[in-house]
Amino acid sequence: MPELPEVEVLRRHLDGVLRGRRVLSVDVLRPRLVRPTGVEALRELLVGMRVHAVGRRGKHLLIDGTDVNGNGGERRIVGHLGMTGRMFVDDGAAELPRHAAVVLGLDQGRFVFEDPRQFGRFHADLSAIDDMGPEPWDAAWTPNTLHQRISGSGRSIKELLLDQSVVAGVGNIYASEALWVAGIRPARAGRRLTSDECRRLWAAVREVLEAAIELGLRARPDFASGAGGLFYYGESGAGSGVEERFRVYDREGQLCSRCGGGIQRLVQGARSSFFCRGCQS
DNA sequence: ATGGCTGTTATCCG
DNA sequence: CCGGATAACAGCCA
């Protein structure tokens, strides 16, 4: 469940259940996911840490705390869900998921990070968030900075939106959705967008992400249960009655809700894009 | 049942 | 600088 909205909804949940907790033990079942930093560095950072907040940077989760045993130094763990990662806190009674990667023993309950495809990360290395672009709601991200950032590029605007140094947190689904809202075809070269199109796209990115966060909060997903924790907004609210209907994503061959045109799929950079032939230019 | 798809991203090569 | 291919991996679907 990995674009910015899903990560943000999870962040709020984890912040509520992890804040104030102490980490007593670290169990790494899949060391692969703890690279590039090794398991030892992770354990040193975590054991004895008290969580004071869970944050987010793009699609990365940040677990911040202080060392309560030693000098009270600040500590930060960076997690990424990849395509299929999950994180939850439970009481430790249930069996661990098959693909559990990192388990933290807490003073109350336990934290579990699991990821079937093992594309996720959980480590002490901060380099992943070092040269990331602005958050969509950052004052540093404006229609103008977007325009400047892409105006020299011949790459397609769809691929540019997926580039985390352009803006943080947009993934494959919401890139297509934002381009539909802005009325821009995904294959257009970045340098060929007008400043007005950049303004529309800038607003569309915020709008689409905001709406998805709202939806995710309303869905009140059950992060700890297997199927519920893996809910994806486009499918169903996992029984919550909340449903998101994408405007174009995964709707090849269907009709556009805005103009009645046909929705088409194309492949860019080995990923599917979806757009309406009628009202995106 | 085999192959083709999937929310991410790092890296390599031409 | 770019685009494209590949690779990490499991699961789902037709």
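Remember, predicted model here, so these are calculated numbers, not experimental data. In what follows, chains are A, B, ... by sequence order, proteins preceding strands, each numbered from 1.
- Evaluation of the ring-ring contact (aromatic ring centres under 6.0 Å, His included) test over residues 255-281 of chain A, restricted to residues two or more places apart or in two chains, returns A/Tyr249-A/Phe274.
- Members clustered with A/Val267: none, using a 4.5 Å side-chain heavy-atom cutoff among hydrophobic residues.
- Residues near A/Leu24 contribute nothing to a hydrophobic cluster around it, because no ILVMFWY side-chain heavy atom sits closer than 4.5 Å to its side chain.
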- What's the verdict on side chain to side chain donor-acceptor pair (under 3.5 Å) for A/Asn144 and A/Thr142, showing C-alpha distance, side-chain angles and the deciding distance? CA-CA 5 Å; A/Asn144 228 3; A/Thr142 67; 5.5 Å; no
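- For A/Gln164, the side chain to side chain donor-acceptor pair (under 3.5 Å) test picks out no residue, with sequence neighbours left out.
- The salt bridge (Lys or Arg N to Asp or Glu O under 4.0 Å) check on A/Asp196 picks up A/Arg199, A/Arg200, with sequence neighbours excluded.
- A residue-by-residue look at A/Glu159 and A/Ala270 shows that A/Glu159 has its nearest nucleotide of DNA chain C further toward the 5' end.
- Comparing C/dC9 with B/dA1, their P atoms sit 24 Å apart, to the nearest whole Å.
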Could you list all N or O pairs between the protein and nucleotides 2-4 of chain B that sit under 3.5 Å apart?
none

DNA chain B in dot-bracket form (Watson-Crick or G-U pairs under 3.5 Å, [ ] crossing, | inter-strand) is .|||||.|||||||
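- For the residue pair A/Arg185 / A/Gln280, no side-chain donor-acceptor distance below 3.5 Å is found, with atom types taken as modelled.
- When the P atom is compared between B/dG4 and C/dA5, the two are found 15 Å apart, to the nearest whole Å.
- We find that CG of A/Leu61 is positioned 14 Å from C1' of B/dT8, with the value rounded to whole Å.
- Applying the ring-ring contact (aromatic ring centres under 6.0 Å, His included) test to every pair with at least one member in residues 24-51 of chain A, sequence neighbours left out, gives no pairs at all.
- Side chains of A/Gln148 and A/Ser151: a donor-acceptor N/O pair is absent below 3.5 angstrom, by distance only.
- Counting only residues at least two apart or on different chains, the ring-ring contact (aromatic ring centres under 6.0 Å, His included) pairs with a member in residues 16-63 of chain A are A/His60-A/His80.
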task: Please report the C-alpha distance between A/Lys59 and A/Glu3 in whole Å, then the side-chain angles of each, then the deciding distance to 0.1 Å, and finally whether the salt bridge (charged side-chain N to carboxylate O under 4.0 Å, His left out) criterion is met.
output: CA-CA 6 Å; A/Lys59 304 170 193 174; A/Glu3 296 190 36; 5.8 Å; no
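- If you check every strand for non-hydrogen atoms under 4.0 Å, A/Gly120 touches nothing.
- You'll find a donor-acceptor pair under 3.5 Å spanning the side chain of A/Arg117 and the base of B/dT6, going by distance alone.
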Between A/Ser153 and A/Arg191, is a side chain to side chain donor-acceptor pair (under 3.5 Å) present by the stated rule, with each step listed?
CA-CA 5 Å; A/Ser153 177; A/Arg191 70 160 78 96; over 6 Å; no
Per-nucleotide protein contact along nucleotides 9-14 of chain B, 5' to 3', at a 4.0 Å heavy-atom cut-off (B base, S sugar-phosphate only, - neither), is B-----
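- For A/Arg30, the side chain to side chain donor-acceptor pair (under 3.5 Å) criterion is met by no residue, not counting sequence neighbours.
- Residues A/Leu4 and A/Ile213 are in side-chain contact: their nearest non-hydrogen atoms beyond the backbone lie under 4.5 Å apart.
- Between A/Phe274 atom CZ and B/dT6 atom P there is a gap of 7 Å when expressed in whole angstrom units.
- Between the CZ atom of A/Arg35 and the C1' atom of B/dT8 there is a distance of 12 Å, given to the nearest Å.
- A sub-4.0 Å separation between OP1 or OP2 of B/dT8 and a side-chain N or O of A/Thr84 is absent.
- When DNA chain C is scanned in the 5' to 3' direction for atoms under 4.0 Å from non-hydrogen atoms of chain A, the outermost contacting nucleotides are C/dC2 to C/dG11.
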